[in-house]
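Only one structure is covered here, and it is reproduced in the block below.
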Amino acid sequence: MELNISIKNKDDIERFILILNVGMMTAIKECVISIEEAENYLYSPYSVEKIRKLGINEDVIKLIELGCELEDVESLIPDRLSSAIDEISAKSSKLLRTIPKSAPPLKKWID
């Protein structure tokens, strides 16, 4: 079984990443997924490199890099983890509001 997601418009890619980011932060905070799982999905140097090569907004990339640091926060300053998660989520939502939506007809992200 396979699911392919295809996004070609830069604004749509940034919106998708930010929507995913908000969802991941919620899932981590609610203990639905672990930070390690989130690293496998999105928060890794590999992901940062891939999206940087696409010319994605540096503010979006910085939020992914903050996600990469969550494991360090959890192990070194665990009392700061909840606020770090909230900060990433809030910044992602704020940035998401600034990225233009595609004009209809919208291309579906799932192929």
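Of all heavy-atom pairs between Pro45 and Cys68, the closest is N-SG, 4.3 Å.
A heavy-atom distance below 4.5 Å is found between the side chains of Met24 and Leu42. Considering only heavy atoms from C-beta on, Ile64 stays 4.5 Å or farther from Leu66 through its side chain. Taking the side chain as every heavy atom from C-beta outward, Leu70 and Ile88 approach each other to under 4.5 Å. No side-chain heavy atom of Ile13 sits less than 4.5 Å from a side-chain heavy atom of Ile51.
At a threshold of 4.5 Å between side-chain heavy atoms, the hydrophobic network of Ile, Leu, Val, Met, Phe, Trp and Tyr places Ile5 and Val22 in two separate groups.
Between the side chain of Ser89 and the main chain of Ile85, no donor-acceptor pair closer than 3.5 Å is present.
The CD atom of Glu30 lies 6.0 Å from the OG1 atom of Thr26; values are rounded to the nearest 0.5 Å. In this structure, Leu81 CG and Glu74 CD are separated by 5.5 Å, a value rounded to the nearest 0.5 Å. Remark: Arg15 CZ to Asn9 CG distance equals 10.5 Å, nearest 0.5 Å. Atom CG of residue Asn57 and atom CG of residue Leu18 lie 8.0 Å apart, to the nearest 0.5 angstrom. The distance from the NZ atom of Lys94 to the CG atom of Leu63 is 11.5 Å, given to the nearest 0.5 Å. For the atom pair Glu14 CD and Leu54 CG, the distance stands at 10.0 Å (nearest 0.5 Å).
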In sequence, state the C-alpha distance, the side-chain angles, and the governing distance for Asn4 and Glu2, and then conclude on side-chain contact (heavy atoms from CB on, under 4.5 Å). CA-CA 7 Å; Asn4 291 307; Glu2 184 175 304; 3.0 Å; yes

Go through it in stages, so that I can follow the logic: the residues are Ile28 and Ser34, the test is side-chain contact (heavy atoms from CB on, under 4.5 Å), and I'd like the CA-CA distance, side-chain angles, deciding distance and then a yes or no. CA-CA 6 Å; Ile28 291 169; Ser34 67; over 6 Å; no

Using the rule given for side-chain hydrogen bond (donor to acceptor under 3.5 Å, both in side chains), can you reason through Ser44 versus Ser47, listing the C-alpha separation, both sets of side-chain angles and the distance that settles it, and then say yes or no? CA-CA 5 Å; Ser44 70; Ser47 296; 3.3 Å; yes

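Sorted by first and then second residue, the ring pair (Phe, Tyr, Trp, His ring centres under 6.0 Å) pairs involving residues 43-77 (not counting sequence neighbours) form an empty list. Counting only residues at least two apart or on different chains, the salt bridge (Lys or Arg N to Asp or Glu O under 4.0 Å) pairs with a member in residues 39-56 are Glu49-Lys53, Arg52-Glu58, Arg52-Glu65. For residues 79-93, the salt bridge (Lys or Arg N to Asp or Glu O under 4.0 Å) pairs, not counting sequence neighbours, are Lys29-Asp86, Arg80-Glu87, Glu87-Lys91.
Other residues, nucleotides and ligands contribute at most 12 non-hydrogen atoms within 6.0 Å of the CD atom of Glu36.
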